[in-house]
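Note that these values count all heavy atoms, side chains included, but never hydrogens, waters or copies made by symmetry. Everything numeric in this text was worked out from a predicted model, so none of it was measured. Counting from 1, the numbers follow the sequence of the chain as shown.
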Amino acid sequence: MAYVVAATYTVKPGEEERIEQILRSMVPLASAEEGCLFFEAHRSPDDPRVFFLYEQYADRAAYQAHMETNHFKELILGEAVPRLERRERAFYETF
């Protein structure tokens, strides 16, 4: 079973392009992690302030390891999160 993370970001007005840059940088870095099975970012065609991330990891421990990487801490926690109005995450397991 894979561990799945579905995250929705609603960004502060004026921060849309910076968030897209951050996520474009994050995709190859996260995808290269040993326990990452899939990492893709999306932007809503109806609301340019809404982004959706779909991530799959080998297991919960791989996701925990992802959150300990320098690129997660710097790009997501340091750069992206301060630019968000809302960050929602849901967690699932495949079967």
Salt bridge (Lys or Arg N to Asp or Glu O under 4.0 Å) partners of Lys12, counting only residues at least two apart: none
For Glu74, all residues meeting salt bridge (Lys or Arg N to Asp or Glu O under 4.0 Å), sequence neighbours excluded: none
Arg60, CZ atom: more than 12 neighbouring heavy atoms under 6.0 Å: no
Joint hydrophobic cluster, Ile76 plus Phe38, side-chain heavy atoms closer than 4.5 Å: no
Close side-chain approach of Leu29 to Leu75, heavy-atom, < 4.5 Å: yes
Intermediate values then yes/no, side-chain hydrogen bond (donor to acceptor under 3.5 Å, both in side chains), Gln21 and Arg24: CA-CA 5 Å; Gln21 292 172 348; Arg24 284 184 182 275; over 6 Å; no
Side-chain donor/acceptor of Thr10 to backbone N/O of Val50, under 3.5 Å: no
Pairs flagged by side-chain hydrogen bond (donor to acceptor under 3.5 Å, both in side chains) wherever residues 43-53 is involved - sequence neighbours left out: Glu17-Arg43, Glu20-Arg43, Arg49-Glu85
Side chain to side chain, Met67 and Lys73, heavy atoms closer than 4.5 Å: no
Centroid-centroid distance, Tyr57 to His66, less than 6.0 Å: yes
Same apolar cluster: Val81 and Leu23, side chain cutoff 4.5 Å: yes
Transitive ILVMFWY side-chain link Phe72 to Tyr3, under 4.5 Å: yes
hydrophobic_cluster_shared for Leu84 and Val5, side chain cutoff 4.5 Å: yes
Least distance between heavy atoms, Ala2 atom then Leu37 atom: CB-CD1, 3.8 Å
Val4 vs Glu55 side-chain heavy atoms within contact, under 4.5 Å: no
hydrophobic_cluster_shared for Leu53 and Tyr92, side chain cutoff 4.5 Å: no
Criterion ring-ring contact (aromatic ring centres under 6.0 Å, His included) on Tyr9 and Phe52, from CA distance to verdict: CA-CA 6 Å; Tyr9 291 177; Phe52 175 73; 9.9 Å; no
Ala7 versus Arg89, closest heavy-atom pair with distance: CB-CG, 3.9 Å
Interatomic spacing from CD in Glu40 to OG in Ser31 - rounded to 0.5 Å: 8.5 Å
Side chains of Tyr54 and His42 in contact at under 4.5 Å (non-hydrogen atoms): yes
Main-chain N/O of Gly14 paired with Glu16 side-chain donor or acceptor, under 3.5 Å: yes
Residue Arg18 excluded, over 12 heavy atoms near CZ under 6.0 Å: yes
Val11 vs Arg83 side-chain heavy atoms within contact, under 4.5 Å: no
Phe51 side, atom CZ; Arg87 side, atom CZ - distance, nearest 0.5 Å: 15.0 Å
Flag side-chain contact, heavy atom, 4.5 Å: Gln56 against Thr94: yes
